[in-house]
Amino acid sequence: MEERGMEEVKPLAGTIKGHDLFGYVGIEAVLDQMRRKTMKAGFEFNIMVVGQSGLGKSTLVNTLFKSKVSRKSCSPNYEEKISKTVKLQSVSHVIEEKGVKMKLTVIDTPGFGDQINNENCWEPIVSYVNEQYERYLKEELYVNRKPRIPDTRVHCCVYFLPATGHWLRPIDVEFMKRLGKIVSIVPIIAKADTLTMEERQEFKQRIRQDLKANGIRVYPQTEYDEDPEDRILNDKIRENIPFAVVGTDKEHQVNGNKVLGRKTKWGIIEVENVAHCEFTNLRDLLIRSHLQDLKDVTHNIHYETFRVRRLNESNLTVHGLALSCFPMENGTHGTNGTSDRSESESHL
């Protein structure tokens with residue numbers, strides 16, 4: 001008897017829109033379900049700040065989150081010392097606003113760019129970023145995984161450029177070329193009030209030319225635009241990169257209103273006034289419009305690239321895997337490579 005194979009049944013696909021339904025189904029309620037779940041569980045956001053001493057990294061981070069979240073602000077009897085090596089340090093806070101909880105981790109890089117010879121000063125930072133991917137990969141590959149894997153991966157690196165008014169320095173080019181391949185970089189011009197508006201625009205233009213000439217990838221990259229609407233929004237951001245910012249945690253009276261600003265002999269520079277600086281553009285990008293996208297790009301692009309490479313290197317398969325410590329690129333094992341990590345937590 002001739003054996004007949006079963007024919008493959010192809011599923012029918014179509015789109016049924018609201019006006020075609022017999023009545024209200026309630027599909028939209030899933031958004032409320034997702035919102036309630038997110039509010040209950042909270043979420044994590046890890047931001048790294050990189051730049052030489054004296055560029056206002058701590059002040060800007062405090063200004064972004066309108067609270068004392070920087071390592072400098074949280075350390076009693078803090079003394080500004082030039083570190084002889086790059087030692088990464090982090091501080092974590094739980095910030096709650098209107099019922100939404102966010103665990104914010106700020107990773108600082110004291111010692112970066114502060115030496116006479118800054119050769120390879122980016123290596124501890126590269127190692128740190130890769131170590132966090134390694135941690136996450138280990139957790140993913142355990143047979144009995146945690147219901148929610150702790151996420152210490154760096155979602156964004158804000159790179160502080162000194163307001164020289166010239167071109168990118170060699171250290172800027174080398175750092176961003178290397179880090180741009182493994183993490184989302186947002187370059188900013190720190191203490192931009194030291195430049196006139198004309199100098200600021202010329203400097204921004206030179207930096208964009210340098211970025212393009214050196215093939216440096218900064219966030220948001222055009223290849224990650226998901227649709228025309230995304231592209232329109234991201235094109236506006238790309239036209240303004242790097243943002244020229246001023247940070248302060250001090251308030252002043254301007255026309256009867258309290259505003260965040262820096263007092264100079266020429267007047268008050270209002271941090272949140274787009275006519276004075278581009279701080280609000282940076283804040284909107286990092287928090288109000290692209291925070292989730294930064295997390296998605298980290299997971300789907302940077303971490304996925306790392307994961308595929310590591311599994312290919314180790315010839316690993318997920319089935320029946322007992323995972324041991326993988327050697328890192330710098331020849332160390334586990335998560336205690338070249339970077340010193342100190343952690344503290346608070347609830348805001």
Side-chain angles (χ1 to χ4, degrees), residues 45-65 67-93 103-132 135 152-164 168-180 182-192 194 242 245-249 282 286 328 330 332 335-346:
F45 186 57
N46 308 318
I47 183 170
M48 176 182 280
V49 289
V50 181
Q52 67 191 59
S53 300
L55 291 181
K57 299 187 294 294
S58 297
T59 302
L60 185 73
V61 170
N62 291 344
T63 311
L64 274 171
F65 296 98
S67 50
K68 295 187 181 299
V69 294
S70 69
R71 178 181 58 90
K72 187 175 178 179
S73 303
C74 301
S75 303
N77 304 319
Y78 179 87
E79 290 183 21
E80 189 75 57
K81 292 181 181 178
I82 304 269
S83 176
K84 293 183 179 179
T85 57
V86 180
K87 294 182 178 180
L88 284 86
Q89 298 176 334
S90 68
V91 59
S92 297
H93 308 268
K103 182 182 179 183
L104 171 71
T105 299
V106 180
I107 305 109
D108 196 3
T109 55
F112 178 86
D114 291 334
Q115 312 307 317
I116 296 173
N117 181 4
N118 289 303
E119 187 178 0
N120 300 328
C121 64
W122 48 80
E123 286 184 353
I125 301 172
V126 172
S127 296
Y128 178 91
V129 172
N130 282 329
E131 284 168 13
Q132 308 321 304
R135 277 187 178 189
T152 60
R153 298 170 298 180
V154 180
H155 300 127
C156 178
C157 172
V158 179
Y159 187 69
F160 287 64
L161 296 164
T164 63
L168 290 179
R169 302 166 302 166
I171 188 176
D172 303 327
V173 172
E174 291 301 321
F175 177 86
M176 289 193 282
K177 278 178 77 170
R178 284 166 169 78
L179 268 291
I182 60 174
V183 71
S184 296
I185 291 183
V186 176
I188 64 169
I189 300 170
K191 296 188 174 180
T194 60
V245 302
V246 177
T248 185
D249 52 8
L282 176 67
L286 295 180
M328 299 300 296
N330 59 5
T332 62
T335 56
N336 297 317
T338 56
S339 59
D340 289 340
R341 176 171 180 164
S342 62
E343 298 180 350
S344 60
E345 294 197 8
S346 73

Colleague: Go through the structure and list residues passing ring pair (Phe, Tyr, Trp, His ring centres under 6.0 Å) with Phe65, not counting sequence neighbours.
Modeller: none

Colleague: Decide yes or no on side chain to side chain contact (heavy atoms under 4.5 Å, CB included) for Val69 and Asn62, but give the supporting numbers first.
Modeller: CA-CA 6 Å; Val69 294; Asn62 291 344; 3.8 Å; yes

Colleague: With a 3.5 Å distance limit and no angle check, can you tell me whether Lys57 reaches the backbone of Asp108 through a side-chain donor-acceptor pair?
Modeller: no

Colleague: Assess the residue pair Val61 and Ile47 against the criterion (side chain to side chain contact (heavy atoms under 4.5 Å, CB included)); give the C-alpha distance rounded to whole Å, side-chain angles, the decisive distance to 0.1 Å, and a yes or no.
Modeller: CA-CA 9 Å; Val61 170; Ile47 183 170; 5.6 Å; no

Colleague: Side chains of Ser67 and His93: does their closest heavy-atom pair fall under 4.5 Å?
Modeller: no

Colleague: Locate the shortest heavy-atom distance separating Leu60 from Gly247; write the atom from each residue and the value.
Modeller: CD1-CA, 4.2 Å

Colleague: Parallel, tilted or perpendicular for Phe45 and His155, by the 30°/60° rule?
Modeller: parallel

Colleague: What distance separates Leu55 CG from Ile189 CD1, expressed to the nearest 0.5 Å?
Modeller: 11.5 Å

Colleague: Output yes when a side-chain donor or acceptor of Thr59 lies under 3.5 Å from a complementary backbone atom of Asp249, and no otherwise.
Modeller: no

Colleague: Any side-chain heavy atom of Met48 within less than 4.5 Å of one from Val129?
Modeller: yes

Colleague: Which heavy atom in Cys157 sits nearest to a heavy atom in Val183, and how many Å separate them?
Modeller: CB-CG1, 4.1 Å

Colleague: Of all heavy-atom pairs between Ile185 and Leu179, which one has the smallest distance, and what is that distance?
Modeller: CD1-CB, 3.5 Å

Colleague: Less than 4.5 Å apart, any side-chain heavy atom of Asn46 and any of Gln132?
Modeller: no

Colleague: Would you name the heavy atoms of Val246 and Ala192 that are closest together and state the gap between them?
Modeller: CG2-N, 4.2 Å

Colleague: Which heavy atom in Gly56 sits nearest to a heavy atom in Lys191, and how many Å separate them?
Modeller: N-CE, 4.1 Å

Colleague: Using side-chain heavy atoms (C-beta onward) and a distance below 4.5 Å, is Leu168 in contact with Leu161?
Modeller: yes

Colleague: Side chains of Thr109 and Tyr128: does their closest heavy-atom pair fall under 4.5 Å?
Modeller: no

Colleague: Of all residues at least two apart in sequence or in a different chain, which pass the side-chain hydrogen bond (donor to acceptor under 3.5 Å, both in side chains) check with Arg178?
Modeller: Glu174

Colleague: For Asp172, enumerate each residue passing the side-chain hydrogen bond (donor to acceptor under 3.5 Å, both in side chains) test, keeping only those at least two apart in sequence or located in another chain.
Modeller: Tyr159, Arg169

Colleague: If you take all heavy atoms of Gln52 and Gly113, which pair is closest and at what distance?
Modeller: CB-O, 4.0 Å

Colleague: Quick one: are Leu282 and Val186 in side-chain contact, heavy atoms under 4.5 Å?
Modeller: yes

